[in-house]
Amino acid sequence: ILEPLNMRKQWYQRRVREPTLSGTRNKTRKRDEKERYEPQVFRDAIISGLEDVGNNHDQLLKYLCDTATVKLDVKRYGETLLDVLFVGGIISAGGAIEGNIRTNICLICQEPEDIKSFTTIFIQFIRRYKWLQKSLGEEIRKIIMVMRVCLNDVERGLLGSATAYLLIEGIIPPTLLSGLTQDHLLKDDVSVTFATSLFRTWLQERDMTSLTSTLKKASLDPSLQDIFPAGPKRSLDHIESYFKEQGLNEMVQHVRSQRANNNRKVFVSRIKMFVNDDEYNTTEMTTYIKEAIEQGRVTGIYALQTLFSAIANSGDWNGLDIIPDDFYKELKQYCSLFKGIARTLKMQIEFMNKIQEFCYDNINFIKTYQKVIFMLYHGNVLEEDAIVEWYKNAHSSKGQTEFLAQMEKMVTWLENAEEEDDSDEDEE
């Protein structure tokens, strides 16, 4: 009896229900209904409101804070709002203005002297509506990437100036400047035009030190070669002359400083190679150092300091608690080279101070100072007057108690020897 019943139950479960004519009506809940995304409608409304207010910056800020944010969905159409405020219309994917519909009440249509005032609108608006701050940084990054298409040289300069004001106020992150190294922006000096305006504005408001710090945070090469097109224009000579033509003397000094840093890095690397590689002889090293000093790539005292440091860090004694005699033997071989550079009393005293500072910074060399100076004295690198003057008046403050104690007997001996020589001359 149960088997037919089970079969009938399974049949009912498997059968396909036939359609009925009555149908069903599914009503969508109001909370699930999605509004259409219509940035063009928002753009038209914003443009209409901006043109009604005109180019009065105080009234523009009041309109944005009191009217636009109340009557329009600014939070949803934040990107569109920023597009209009910066370039007057919606920026399409390729960089062109969508539909060629735009207003003149925007950043790039301002006069250069009004850029700071117009940028203040962004600063005060963002401080009131913090949720728009991230969008502002992304907006400027986007415009930088397409400014070759949507902006001319003058407009790029205005954008660069506004970016400087926003960076100074901390409204946008410095990392967005890393986009300036893109290949398509290097062509036709697009990046250079933008950056030059940014630098000029920054230096009018702040100093070179803060600008250098910002460039470092943006991961840009301190020499600024990355924003110039490849080839002759990327040379430091061209970059220096370019900023000189632009009247940016602080940038000229910055580039010169970067060139000096590069020269020093190359010089240090070459000296280490000379000292550590047996294939190079002293004659080659002497010629290289002499040319570097004569051409102004490094100073004489820097050459002395670099050579001494390279020798001190080259041998098996580096890292030992007690420096062996091999160090002094190695150093003695370079006395003729030291002598050829340290020709004046002033340079000899400076050289002694550099050795003093090296020994102070490298604790395992702190007890070697007197021996090093004594050896350089016997090698005719240092004169008696230089050693005595260093001891009495010209020594460095770093570890002076320790080093003066080491040198006391030697200086006394030098002074007594000088007095004996004077008395011998008097007897004759």
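Side chain of S235 to main chain of P232: a donor-acceptor pair is present (N/O by atom type, distance under 3.5 Å, no hydrogens or angles). In this structure, N362 contributes its side chain and N364 its backbone to no donor-acceptor pair below 3.5 Å. In this structure a side-chain-to-backbone donor-acceptor pair under 3.5 Å is missing from Q305 to K354. In this structure, S48 contributes its side chain and D44 its backbone to no donor-acceptor pair below 3.5 Å.
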Going through the checks in order, is the salt bridge (charged side-chain N to carboxylate O under 4.0 Å, His left out) test met by E291 and R297?
CA-CA 9 Å; E291 290 178 353; R297 299 200 299 272; 5.3 Å; no
Checking E98 against Q40 for the side chain to side chain donor-acceptor pair (under 3.5 Å) test, could you report, in this order, the C-alpha distance in whole Å, the side-chain angles of both residues, the deciding distance, and whether it holds?
CA-CA 9 Å; E98 187 176 296; Q40 292 80 10; 2.7 Å; yes
Checking D83 against R43 for the salt bridge (charged side-chain N to carboxylate O under 4.0 Å, His left out) test, could you report, in this order, the C-alpha distance in whole Å, the side-chain angles of both residues, the deciding distance, and whether it holds?
CA-CA 9 Å; D83 278 356; R43 172 202 60 197; over 6 Å; no
Salt bridge (charged side-chain N to carboxylate O under 4.0 Å, His left out) assessment of R128 paired with D66
CA-CA 11 Å; R128 186 167 177 177; D66 299 340; 3.7 Å; yes
Does Y165 form a side chain to side chain donor-acceptor pair (under 3.5 Å) with T201? I'd like the steps, not just the answer.
CA-CA 8 Å; Y165 289 122; T201 300; 5.0 Å; no
Chi angles and distances behind the side chain to side chain contact (heavy atoms under 4.5 Å, CB included) call for Q406, E402
CA-CA 6 Å; Q406 288 186 35; E402 168 66 27; 2.8 Å; yes
Hey, mind stepping through E139 and K142 against salt bridge (charged side-chain N to carboxylate O under 4.0 Å, His left out) and telling me if it holds?
CA-CA 5 Å; E139 176 72 15; K142 179 182 73 175; 3.4 Å; yes
Walk me through whether T175 and K217 qualify under side chain to side chain contact (heavy atoms under 4.5 Å, CB included).
CA-CA 6 Å; T175 51; K217 292 176 183 177; 5.9 Å; no
Run L248 and Y242 through side chain to side chain contact (heavy atoms under 4.5 Å, CB included) and show every step you take.
CA-CA 9 Å; L248 296 174; Y242 170 79; over 6 Å; no
Audit row: V381, Q348, side chain to side chain contact (heavy atoms under 4.5 Å, CB included) steps and yes/no
CA-CA 8 Å; V381 178; Q348 291 173 23; 5.9 Å; no
Would F365 and Y360 count as a ring-ring contact (aromatic ring centres under 6.0 Å, His included) if you check the C-alpha gap in whole Å, the side-chain angles of each, and the deciding distance to 0.1 Å?
CA-CA 7 Å; F365 280 88; Y360 178 81; over 10 Å; no
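With hydrogens and angles left out, the side-chain atoms of T196 and Q246 include no donor and acceptor closer than 3.5 Å. A donor-acceptor pair shorter than 3.5 Å can be found between the side chains of H57 and Q110. Remark: the S223 side chain and the D221 side chain contain an N/O donor-acceptor pair separated by less than 3.5 Å. Of the N and O atoms on the side chains of D207 and S210, at least one donor lies less than 3.5 Å from an acceptor on the other residue. Using modelled atom types and a 3.5 Å distance limit, the side chains of N261 and R264 yield a donor-acceptor pair. A side-chain donor from one of K130 and Q133 sits under 3.5 Å from a side-chain acceptor of the other.
L151 places a side-chain heavy atom less than 4.5 Å from the side chain of I108. Residues I293 and Y302 fail the side-chain proximity criterion, which asks for heavy atoms closer than 4.5 Å. Side-chain contact between V275 and S314 is present, with at least one heavy-atom pair separated by less than 4.5 Å. A heavy-atom distance below 4.5 Å is not found between the side chains of R200 and M251. Taking the side chain as every heavy atom from C-beta outward, L304 and M347 approach each other to under 4.5 Å. For the pair I349 and L382, the minimum side-chain heavy-atom distance is 4.5 Å or more. Side-chain atoms of V268 and K272, non-hydrogen and from C-beta on, do get closer than 4.5 Å to each other. Two residues are said to be in side-chain contact when any heavy atoms from C-beta on lie closer than 4.5 Å; T119 and T163 fail this criterion.
Ring orientation note: the planes of F374 and Y377 are tilted relative to one another, at an angle of 30° to 60°. Below 30°, between 30° and 60°, or above 60°: for H238 and F228 the angle between ring planes is above 60°, a perpendicular geometry. Using bins of under 30°, 30° to 60° and over 60° for the plane-to-plane angle, the ring pair F308/F351 lands in the perpendicular bin.
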Identify each donor-acceptor pair in which a side-chain atom of residues 327-340 lies under 3.5 Å from a protein atom, sequence neighbours left out, and give them as a table.
none

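Scanning all heavy atoms of the two residues, the minimum distance from I91 to V87 falls at CG1-CG2, 3.6 Å. The two atoms that bring L180 and L186 nearest to each other are O-CD2, 3.6 Å, heavy atoms only.
Taken to the nearest 0.5 Å, the OG1 atom of T181 stands 13.5 Å off from the CD atom of Q225. Between the CZ atom of R156 and the CG atom of L198 there is a distance of 15.5 Å, given to the nearest 0.5 Å. To the nearest 0.5 Å, atom CD of residue Q356 and atom CD1 of residue I366 are 9.5 Å apart. Separating the CZ atom in R76 from the CG atom in L72 is a distance of 13.0 Å, to the nearest 0.5 Å. Rounding to the nearest 0.5 Å places OG1 of T120 at 10.5 Å from CZ of F122. For the atom pair CG of L82 and CD1 of I126, the computed distance is 6.5 Å after rounding to the nearest 0.5 Å.
In summary, the aromatic rings of F194 and F199 are positioned with their centroids too far apart to meet the 6.0 Å limit. The aromatic ring centroids of H395 and Y391 lie 6.0 Å or more from each other. For W390 and Y369, the gap between ring centers is short of 6.0 Å.
With sequence neighbours excluded, no residue forms a salt bridge (charged side-chain N to carboxylate O under 4.0 Å, His left out) with E155. Take S396 and apply the side chain to side chain donor-acceptor pair (under 3.5 Å) test, not counting sequence neighbours, and it matches no residue.
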